[in-house]
Amino acid sequence: MSSWLMKSEPSAYSWETLVKEGRTEWNGVRNYLANNNMKAMKISDKAFFYHSNEGLAVVGLMKIIELWHPDPSDEKGKFGMVTVAPLKPMKKPVALAAIKAEPALAEMVLLRQGRLSVSPVTTDEWQKIMEMGGF
DNA sequence: GCCAACGTTGGC
DNA sequence: GCCAACGTTGGC
């Protein structure tokens, strides 16, 4: 099983909205690397929900409930989306600043490739962030 | 609001 | 197929 980190600006789509709706299509991705990462996802893979721009923190845990399928809003048909559902909020949000300050997380794709909206997370990184998030 | 990083586009 | 120009993302 793999784990992931997915970003959304809360003004566009927030964790609170996802919890309210119960599931959502992760649409609108227009980056090949992010798209490929979503193609690699499997059912019940887990993902961190990260608030970008405002909040700047990992705020919740999600699971993938539907595999990659084409995004109807992409007329060329190259980009797709997965369906996600919320699992639970972090007990404490894990701020970007805290991630940057943690030497064990220095290699995270989140830090090394800041603009990538869907990125892989290693098992060690996952456990560390869970710990920092109060689990 | 600025700007660095970086992905994409298009001319050659 | 290269690379300059341009657009977008996202932290500060």
Side-chain angles (χ1 to χ4, degrees):
Chain A
M1 167 146 35
S2 311
S3 40
W4 310 92
L5 181 144
M6 303 173 84
K7 293 183 189 175
S8 180
E9 299 189 24
S11 60
Y13 194 88
S14 69
W15 169 254
E16 289 73 20
T17 308
L18 176 61
V19 169
K20 205 176 300 169
E21 295 184 349
R23 58 184 278 160
T24 195
E25 304 282 0
W26 204 270
N27 58 13
V29 170
R30 292 295 181 271
N31 171 285
Y32 285 99
L33 202 45
N35 191 52
N36 283 339
N37 286 334
M38 290 199 295
K39 280 187 174 175
M41 291 177 180
K42 299 197 173 62
I43 301 288
S44 78
D45 273 3
K46 289 183 178 141
F48 289 128
F49 190 115
Y50 174 84
H51 274 167
S52 61
N53 266 323
E54 305 160 47
L56 305 186
V58 173
V59 291
L61 303 170
M62 310 184 281
K63 66 176 173 183
I64 310 304
I65 59 170
E66 273 178 40
L67 296 177
W68 187 95
H69 47 289
D71 183 343
S73 71
D74 174 29
E75 59 280 1
K76 288 181 184 168
K78 287 182 179 174
F79 294 105
M81 57 201 185
V82 293
T83 310
V84 299
L87 281 177
K88 54 188 168 183
M90 302 306 276
K91 288 182 186 166
K92 322 180 264 191
V94 181
L96 179 65
I99 293 172
K100 283 187 171 171
E102 172 52 59
L105 300 176
E107 298 300 312
M108 274 194 80
V109 179
L110 173 69
L111 301 183
R112 311 204 94 198
Q113 207 155 338
R115 290 186 9 173
L116 186 60
S117 61
V118 179
S119 60
V121 176
T122 68
T123 307
D124 289 348
E125 290 162 355
W126 182 272
Q127 282 170 0
K128 187 72 198 173
I129 290 176
M130 288 298 281
E131 202 178 292
M132 292 163 76
F135 293 102

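Chain naming here is simple, since letters A, B, ... match the order of the sequence lines and numbering starts at 1 in each. Worth saying up front: this structure is predicted, and the values here are computed from it rather than measured.
Between the CD atom of A:E9 and the P atom of C:dT9 there is a distance of 8 Å, given to the nearest Å. Between the CG atom of A:L5 and the C1' atom of C:dT9 there is a distance of 15 Å, rounded to whole Å. Rounded to a whole Å, the CG atom of A:L111 is 10 Å from the P atom of C:dC12. One can place CG of A:L96 at 8 Å from C1' of C:dG11, the figure rounded to the nearest angstrom. Rounded to whole angstrom, the span from the OH atom of A:Y13 across to the C1' atom of C:dG10 amounts to 21 Å. For A:N53 and B:dA4, the CG to P distance is 17 Å, given to the nearest whole Å. Residue A:N31 contributes atom CG, which lies 10 Å from atom C1' of B:dT8 at whole-angstrom precision. Rounded to whole Å, the distance from CG on A:L116 to P on C:dT9 is 13 Å.
Residue A:Y50 places at least one side-chain N or O under 4.0 Å from the OP1 or OP2 atom of C:dG11. Contact annotation: A:K100 side-chain N/O to C:dC12 OP1/OP2 distance is under 4.0 Å. Contact between the side-chain N/O atoms of A:Q113 and the OP1/OP2 oxygens of C:dG10 is not found at any separation under 4.0 Å. The side chain of A:K7 contributes no N or O atom lying less than 4.0 Å from OP1 or OP2 of C:dT9.
Nucleic acid contact for A:L33: none, since no nucleic acid atom lies under 4.0 Å from a heavy atom of the residue.
At a threshold of 4.5 Å between non-hydrogen side-chain atoms, the residues A:R112 and A:E107 count as touching.
The two atoms that bring A:P120 and A:N37 nearest to each other are CD-ND2, 3.8 Å, heavy atoms only.
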Please test A:M81 against A:V29 for side-chain contact (heavy atoms from CB on, under 4.5 Å), starting from the C-alpha separation and ending with a verdict.
CA-CA 7 Å; A:M81 57 201 185; A:V29 170; over 6 Å; no
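A:K128 and A:E125 are not joined by a salt bridge, as no carboxylate oxygen comes within less than 4.0 angstrom of a charged side-chain nitrogen.
In this structure, A:S3 contributes its side chain and A:V121 its backbone to a donor-acceptor pair below 3.5 Å.
Evaluation of atom-type donor-acceptor distances gives a pair under 3.5 Å for the side chain of A:R115 against the base of C:dT8.
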